[in-house]
Amino acid sequence: MSVDGEYEPSAWDWVREQVERFEATDGHEANTLFDTGYPIIVMTNRGVKSGKVRKTPLMRVEHDGEYAAIGSQGGAPKHPGWTYNLLADPHVELQDGAVKQPMIARLVEGEKRALWWQRAVAAYPPYADYQAATDRVIPVFVLSPLSQAS
């Protein structure tokens with residue numbers, strides 16, 4: 001099950017350009033956050049207000065075929081818009097390199113969140129700084145392949 005519909009590219013130039021280059025090259029290019037060397041994935045979901053397809057590059061945090069989507073927004077005071085989209089419609093498509101797969105997103109809390117947060121910080125250490133910079137609890141979603149989702 002893919003996320004179909006009218007695609008509305010991000011208003012942010014760097015997001016739009018990275019997604020376009022990543023997809024055009026099957027993840028061979030534009031596959032890291034800027035020039036940091038930290039790998040990214042691209043998540044596709046449906047906008048809760050617009051109903052349009054959205055695509056977001058996120059840090060690659062993977063464990064046993066599941067991925068974390070971390071709503072850090074660099075430690076900004078508000079959650080990124082895509083977090084509300086996932087709460088309204090958890091069906092997403094994830095592209096990791098050339099591999100695309102349908103997934104289900106679920107917000108995790110408690111011990112499960114702590115475990116995935118630890119994995120996220122190990123994959124991308126600035127997440128710890130982002131949490132320290134904001135009063136909100138940064139949301140953690142786990143993306144599971146449809147065949148594993150329960």
Side-chain angles (χ1 to χ4, degrees), residues 3 7-25 27-97 99-145 148-149:
V3 180
Y7 171 52
E8 184 169 313
S10 175
W12 294 1
D13 290 343
W14 75 268
V15 171
R16 183 176 57 253
E17 292 166 6
Q18 181 164 30
V19 167
E20 288 172 2
R21 193 80 198 126
F22 184 90
E23 289 184 325
T25 65
H28 292 290
E29 296 177 18
N31 55 12
T32 63
L33 177 66
F34 306 115
D35 59 356
T36 64
Y38 289 109
I40 60 112
I41 57 166
V42 171
M43 180 183 69
T44 301
N45 63 278
R46 186 166 321 287
V48 65
K49 291 180 183 176
S50 69
K52 294 182 179 176
V53 173
R54 306 291 187 167
K55 297 182 181 193
T56 308
L58 298 171
M59 301 314 302
R60 185 183 188 279
V61 180
E62 185 272 340
H63 181 78
D64 289 343
E66 293 184 303
Y67 294 78
I70 309 298
S72 68
Q73 195 156 301
K78 294 184 178 181
H79 299 322
W82 62 259
T83 62
Y84 303 102
N85 297 341
L86 297 190
L87 291 170
D89 181 355
H91 294 89
V92 302
E93 182 177 82
L94 179 134
Q95 183 173 348
D96 185 359
V99 178
K100 291 183 182 181
Q101 60 182 321
M103 313 212 54
I104 295 290
R106 69 187 185 286
L107 181 65
V108 293
E109 297 176 337
E111 290 180 22
K112 189 114 179 167
R113 183 198 180 279
L115 176 62
W116 277 96
W117 181 256
Q118 184 178 41
R119 291 173 179 158
V121 171
Y124 185 64
Y127 279 140
D129 297 330
Y130 298 166
Q131 183 61 78
T134 185
D135 292 331
R136 68 184 173 91
V137 175
I138 293 175
V140 175
F141 290 83
V142 174
L143 310 180
S144 303
Q148 292 180 10

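Computed from a predicted model, the values in this text were never measured in an experiment.
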Yes or no on side chain to side chain contact (heavy atoms under 4.5 Å, CB included) for L86 and V92, after CA distance, side-chain angles and deciding distance?
-> CA-CA 8 Å; L86 297 190; V92 302; 3.3 Å; yes
F22 to V42 - nearest heavy-atom pair and separation | CD2-CG2, 3.4 Å
Is the cationic atom of R113 (NZ for Lys, CZ for Arg) positioned less than 6.0 Å from the six-membered ring centroid of W116 and within 45 degrees of its normal?
-> no
Side chains of P57 and I41: closer than 4.5 Å at any heavy-atom pair?
-> no
Taking C-beta and beyond as the side chain, do M103 and E93 meet within less than 4.5 Å on heavy atoms?
-> no
Spatial distance of atom CD1 (I40) from atom CG (D96) [nearest 0.5 Å] = 9.0 Å
Looking only at heavy atoms, what is the nearest atom pair of E66 and P145, with distance?
-> CG-CD, 4.3 Å
Any donor-acceptor pair under 3.5 Å linking the side chain of T83 with the backbone of H79?
-> no
Examine distances only and state if a side-chain atom of R136 and a backbone atom of S72 form a donor-acceptor pair shorter than 3.5 Å.
-> yes
ring-ring contact (aromatic ring centres under 6.0 Å, His included) pairs, two or more places apart, involving residues 40-72 = none
Hey, does V121 have a side-chain heavy atom less than 4.5 Å from the side chain of Q118?
-> no
Which atoms form the tightest heavy-atom contact between R21 and A30, and what is the distance?
-> CB-CB, 3.6 Å
Once you round to the nearest 0.5 Å, how far does CD of E62 lie from CG of L94?
-> 9.5 Å
May I ask you to decide if V19's main-chain N or O and E17's side chain share a donor-acceptor pair within less than 3.5 Å?
-> no
Non-hydrogen side-chain atoms of I138 and Y127 separated by less than 4.5 Å | no
Q18 side chain to T32 backbone, donor-acceptor under 3.5 Å | yes
P80 versus G71, closest heavy-atom pair with distance | CD-O, 3.4 Å
F141 side chain near V108 side chain, heavy-atom distance below 4.5 Å = no
Is any side-chain heavy atom of L87 less than 4.5 Å from a side-chain heavy atom of L107?
-> yes
Taking the side chain as every heavy atom from C-beta outward, state whether V137 and W117 have any pair of such atoms under 4.5 Å apart.
-> no
Run the salt bridge (charged side-chain N to carboxylate O under 4.0 Å, His left out) check on K55 and E20 step by step: do they pass?
-> CA-CA 10 Å; K55 297 182 181 193; E20 288 172 2; over 6 Å; no
Do Y124 and I70 come close enough that some side-chain heavy atom pair is under 4.5 Å?
-> no
Give a yes or no answer on whether the side chain of T134 reaches the backbone of Q131 with a donor-acceptor pair at less than 3.5 Å.
-> no
What pairs meet the side-chain hydrogen bond (donor to acceptor under 3.5 Å, both in side chains) rule with one or both residues in residues 38-52, with sequence neighbours excluded?
-> E8-K52, S50-R54
